[in-house]
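One-based numbering, in listed order, for ligands and for the atoms of each.
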Amino acid sequence: MMMPLPTPSALEAYLVRTRWFGGKGRPFHVMGVRPLARSLATEDAIWRGRSDDETAGPDVVVLIVDVAYEDDQGGAESYQVPISTYSVSQPRIDHALVGVFDDVWAYDAVHDRDAMALWLKTFCRGTQEEPFESDGMRFHRLDVSGVQLDADAPSSPLTVEQSNSSVRFGEQTIMKLFRHVQTGVNPDIEIAAELTRAGSENVADLYGWIEGEFDGAVVQLGMLQRFLRASTDGFDLALASVRSVLADPSLHPATYAAEARELAKAIARIHLVLRERFDQTVLGTDATLALANGMRERLDAAILVVPQLDAHAPRLRALFDRVAGLNSLAVQRVHGDLHLGQALRTPDGWRIVDFEGEPSKPLEERRRLDSPWRDVAGLIRSFDYAPAVVQMSSTEPNDDGRSRQSDAWAHTARGVFIQAYAEELGTGGLTEDEAILLDAYIADKAVYETVYETRSRPAWVSIPMTAISRLGRAEETA
Ligand SMILES: Nc1ncnc2c1ncn2[C@@H]1O[C@H](COP(=O)(O)OP(=O)(O)O)[C@@H](O)[C@H]1O
Ligand SMILES: O=P(O)(O)O[C@H]1O[C@H](CO)[C@@H](O[C@H]2O[C@H](CO)[C@@H](O)[C@H](O)[C@H]2O)[C@H](O)[C@H]1O
């Protein structure tokens with residue numbers, strides 16, 4: 001018997017309730033529901049829950065849901081929605097109910113620990129030499145550290161801010177299922193695999209990944225990594241540091257310096273490995289002009305969404321013009337979307353996650369060579385966010401003393417970070433060209449943030465706007 005699929009209208013109602021659907025607020029409809037792997041179409045009992053008791057576990061189907069947008073921008077996207085189904089309701093996962101179809105109760109399988117156990121068990125059946133093939137999905141293993149996967153570890157979905165859906169298995173592994181899927185190589189898997197093979201101590205080791213096929217091409221659906229136990233999110237750590245400095249004026253803003261230094265070294269080491277394991281090259285004036293033009297275009301587009309940017313546009317354009325005047329641009333693979341929330345402080349040092357790049361860009365664009373100063377700029381923007389977020393959530397008035405302490409905190413973190421990054425790369429500090437690139441990437445990221453905050457957290461738009469009001473002032477008066 002074939003399991004009934006959720007209807008397009010039920011999926012439309014479900015998508016808008018999720019954190020990961022990128023089309024919220026836009027008119028859209030579901031134009032296709034494609035089963036990529038359908039448990040009942042296979043004899044393989046593993047997809048049917050506990051094989052000794054077939055009535056107990058869920059049946060699982062992995063759907064690709066195709067969405068078409070109906071606004072002027074138009075376009076289409078595909079989302080991965082794994083569904084687990086039961087013949088009776090499952091109150092424990094009511095919040096993940098997609099609908100009831102022909103008396104079959106369909107839930108988002110990510111929230112169903114019995115369904116997620118099937119993914120882990122399936123991973124455990126493959127080896128590095130021989131990926132396990134199950135009903136159109138291939139489970140690849142990468143076995144660099146020789147870790148024994150615990151097939152019975154219980155799953156729990158992560159509740160932190162995320163663009164995809166991650167599930168932790170016990171204290172050992174974490175599996176991320178990509179939600180917005182595109183055919184081709186996903187840089188999150190590609191880069192984590194290379195860093196793991198290189199023995200990098202600054203990444204969460206990759207243990208495996210999942211592939212399927214649609215539109216006649218390979219699609220990468222998810223990845224299994226080492227779960228970093230006892231880790232602290234780098235942004236939370238920065239917030240705690242700012243709070244302690246503001247609460248106790250006898251503490252110097254440099255109390256965070258050791259963390260900033262170690263983080264900079266970790267990023268530099270990652271950049272060095274990426275240089276070794278992927279292409280790197282030095283591009284000429286065509287590339288610097290194209291980079292500057294890209295930044296100018298993003299600014300023009302951002303002004304349409306955030307009109308108050310217009311008043312600052314001449315100073316921002318002047319920063320981008322300086323990039324257009326550079327003779328060369330050293331490029332390599334980079335993280336592409338780095339901020340403190342993707343840096344995890346573990347007891348044995350900093351590890352970086354989420355090498356996916358900006359999820360809204362096509363995969364091929366995200367895999368392009370770029371300047372590592374884009375990543376450095378991303379972190380520097382986070383050093384500016386941390387004091388601003390502390391101030392916004394504090395009941396204390398922002399007097400001059402607190403403002404000075406906050407500015408000093410961000411200034412110190414930035415200075416220490418750049419110095420340590422350059423030292424780890426074996427250079428004394430920033431060259432004049434690198435300083436021009438860094439300033440422009442910081443401005444470009446702040447412009448992007450004004451749009452991101454306007455759409456996602458309007459109350460925070462003042463954070464990048466305040467930064468933008470200061471950017472380029474030194475050059476203006478020089
Ligand atoms: N290997 C890991 N160990 C522990 N926590 C992790 C790990 N990978 C990610 N996380 C946590 O999950 C959050 C989201 O991960 P991320 O890879 O950024 O997902 P997304 O692509 O969905 O945004 C991170 O900010 C971090 O808090
Ligand atoms: O984590 P994502 O890849 O989805 O990145 C998006 O969300 C980030 C916020 O979660 C956002 O980052 C901005 O806010 C951070 C504080 O919450 C701050 O540390 C970053 O510097 C700032 O850019 C990111 O821009 C956005 O793409």
Side-chain angles (χ1 to χ4, degrees), residues 18-22 80 110 156-181 186-189 191-192 195-196 202-207 222-239 242 263 302 335-347 350-361 366 374-390 392-393 410 413-414 441-442 444-457 459-464 467-468:
T18 67
R19 161 74 177 87
W20 43 265
F21 177 52
Q80 175 181 198
V110 165
S156 43
L158 254 62
T159 50
V160 297
E161 273 291 289
Q162 48 190 327
S163 322
N164 295 288
S165 293
S166 289
V167 172
R168 174 165 70 88
F169 293 108
E171 296 277 278
Q172 189 189 43
T173 55
I174 178 167
M175 179 177 72
K176 167 150 74 168
L177 293 183
F178 300 118
R179 290 299 196 162
H180 175 204
V181 287
N186 189 307
D188 210 354
I189 296 174
I191 291 190
L195 290 170
T196 303
N202 302 116
V203 69
D205 294 350
L206 185 72
Y207 293 157
M223 62 199 282
L224 188 72
Q225 280 180 291
R226 173 178 159 194
F227 179 68
L228 301 172
R229 269 184 302 152
S231 62
T232 311
D233 173 305
F235 193 63
D236 288 341
L237 197 74
L239 293 178
V242 175
L263 177 59
H335 183 286
D337 191 25
L338 194 54
H339 55 84
L340 274 176
Q342 288 158 342
L344 300 181
R345 177 73 166 88
T346 73
W350 286 95
R351 293 186 186 250
I352 308 300
V353 297
D354 200 7
F355 291 84
E356 201 188 6
E358 279 177 26
S360 55
K361 288 185 182 163
R366 296 194 234 156
R374 182 188 288 285
D375 288 348
V376 175
L379 281 169
I380 288 174
R381 288 294 311 126
S382 283
F383 295 143
D384 181 67
Y385 259 73
V389 171
V390 168
M392 273 190 337
S393 53
R414 173 191 167 127
Y441 276 120
I442 290 173
D444 184 53
K445 176 83 181 192
V447 168
Y448 161 84
E449 287 165 349
T450 61
V451 176
Y452 173 83
E453 299 300 358
T454 300
R455 295 206 166 126
S456 318
R457 307 180 285 203
W460 286 29
V461 75
S462 62
I463 300 176
I468 281 174

Enclosure of R229 CZ (heavy-atom neighbours >12, cutoff 6.0 Å): no
Protein contact to atom 3 (O) of ligand 2 [nearest heavy atom, distance to 0.1 Å]: D337 OD2, 2.8 Å
Distance from atom 20 (C) of ligand 2 to nearest protein heavy atom, with residue and atom: S382 OG, 3.5 Å
Distance in Å, L340 CG paired with L237 CG, rounded so as to fall on 0.5 Å steps: 8.5 Å
M223 and F178: CA distance, side-chain angles, deciding distance, side-chain contact (heavy atoms from CB on, under 4.5 Å) verdict: CA-CA 8 Å; M223 62 199 282; F178 300 118; 3.6 Å; yes
Per-atom contact, atom 15 (O) of ligand 1, protein heavy atoms, under 4.0 angstrom: no
Closest approach of any protein heavy atom to atom 12 (O) of ligand 1, naming residue and atom: L158 CD2, 3.3 Å
Location of contacts on K445 toward ligand 2, heavy atoms closer than 4.0 Å: side chain
Side-chain (E449) to main-chain (P464) donor-acceptor, under 3.5 angstrom: no
Y385 N/O under 3.5 Å from ligand 2 N/O: no
For atom 18 (O) of ligand 1, the protein heavy atom that lies nearest, with its residue and separation: D354 OD2, 2.9 Å
Pair R179-S165, side-chain donor/acceptor within less than 3.5 Å: yes
Flag, side chain of D375 to backbone of G336, donor-acceptor distance under 3.5 Å: yes
Euclidean distance, L228 CG relative to W350 CH2, rounded to 0.5 Å: 12.0 Å
4.5 Å side-chain heavy-atom contact, R226 and T196: no
Close-contact set for ligand 1 against K176 heavy atoms, below 4.0 Å: 16 (P), 17 (O), 19 (O), 20 (P), 21 (O)
Any side-chain heavy-atom pair of L263 and I352 under 4.5 Å: yes
Atom indices of ligand 2 within 4.0 angstrom of S163 heavy atoms, with elements: 4 (O)
Sub-3.5 Å N/O-N/O distance, R19 and ligand 2: no
Nearest-neighbour protein heavy atom for atom 7 (C) of ligand 1, which is reported as residue plus atom name and distance: I174 CD1, 3.7 Å
Atoms in ligand 2 with a heavy atom of E449 nearer than 4.0 Å: 21 (O), 22 (C), 23 (O)
W460 and Y385 aromatic ring geometry - parallel, tilted or perpendicular at 30°/60° bounds: tilted
Heavy atom of the protein closest to atom 23 (O) of ligand 1 (residue, atom name, distance): S163 N, 3.0 Å
Ligand 2 contact on R457 by region, counting heavy-atom pairs under 4.0 Å: side chain
Nearest heavy-atom neighbours spanning I463 and V389: CD1-CG2, 3.9 Å
Nearest-neighbour protein heavy atom for atom 8 (N) of ligand 1, which is reported as residue plus atom name and distance: V353 CG1, 3.6 Å
Ligand-residue contact atoms, ligand 2 with Y448, heavy atoms, under 4.0 Å: 25 (O), 26 (C), 27 (O)
Which of the ligand 1 atoms, numbered from 1, are nearer than 4.0 Å to a heavy atom of A204: 1 (N)
I442 side, atom CD1; L379 side, atom CG - distance, nearest 0.5 Å: 10.5 Å
Atom 26 (C) of ligand 1: the protein heavy-atom neighbour that sits closest, reported with distance to 0.1 Å: L344 CD2, 4.1 Å
Side chain R366, main chain K361, donor-acceptor under 3.5 Å: yes
Which residue and heavy atom of the protein sit nearest atom 3 (N) of ligand 1, plus the separation: L228 N, 2.8 Å
Protein heavy atom at shortest distance from atom 1 (O) of ligand 2: H339 NE2, 3.0 Å
Working for side-chain contact (heavy atoms from CB on, under 4.5 Å), residues Q342 and F235: CA-CA 8 Å; Q342 288 158 342; F235 193 63; over 6 Å; no
Salt bridge present between D337 and K445 (N-O < 4.0 angstrom): yes
G341 neighbourhood, listing ligand 1 atoms whose heavy-atom distance to it stays under 4.0 Å: 25 (O)
Enumerated ligand 2 atoms positioned under 4.0 Å from heavy atoms of Q342: 1 (O), 3 (O)
Straight-line distance of S166 OG to L224 CG, nearest 0.5 Å: 10.5 Å
S166 to ligand 1, any heavy atom closer than 4.0 Å: no
Residue portion contacting ligand 1 (non-hydrogen atoms closer than 4.0 Å) for N164: both
Closest protein heavy atom to atom 10 (O) of ligand 2, given as residue, atom name and distance to 0.1 Å: Y452 OH, 4.0 Å
Under 4.0 Å to a heavy atom of R226 - the qualifying atoms of ligand 1, by number: 1 (N), 2 (C)
Nearest non-hydrogen protein atom, atom 13 (C) of ligand 1: V160 CG2, 3.5 Å
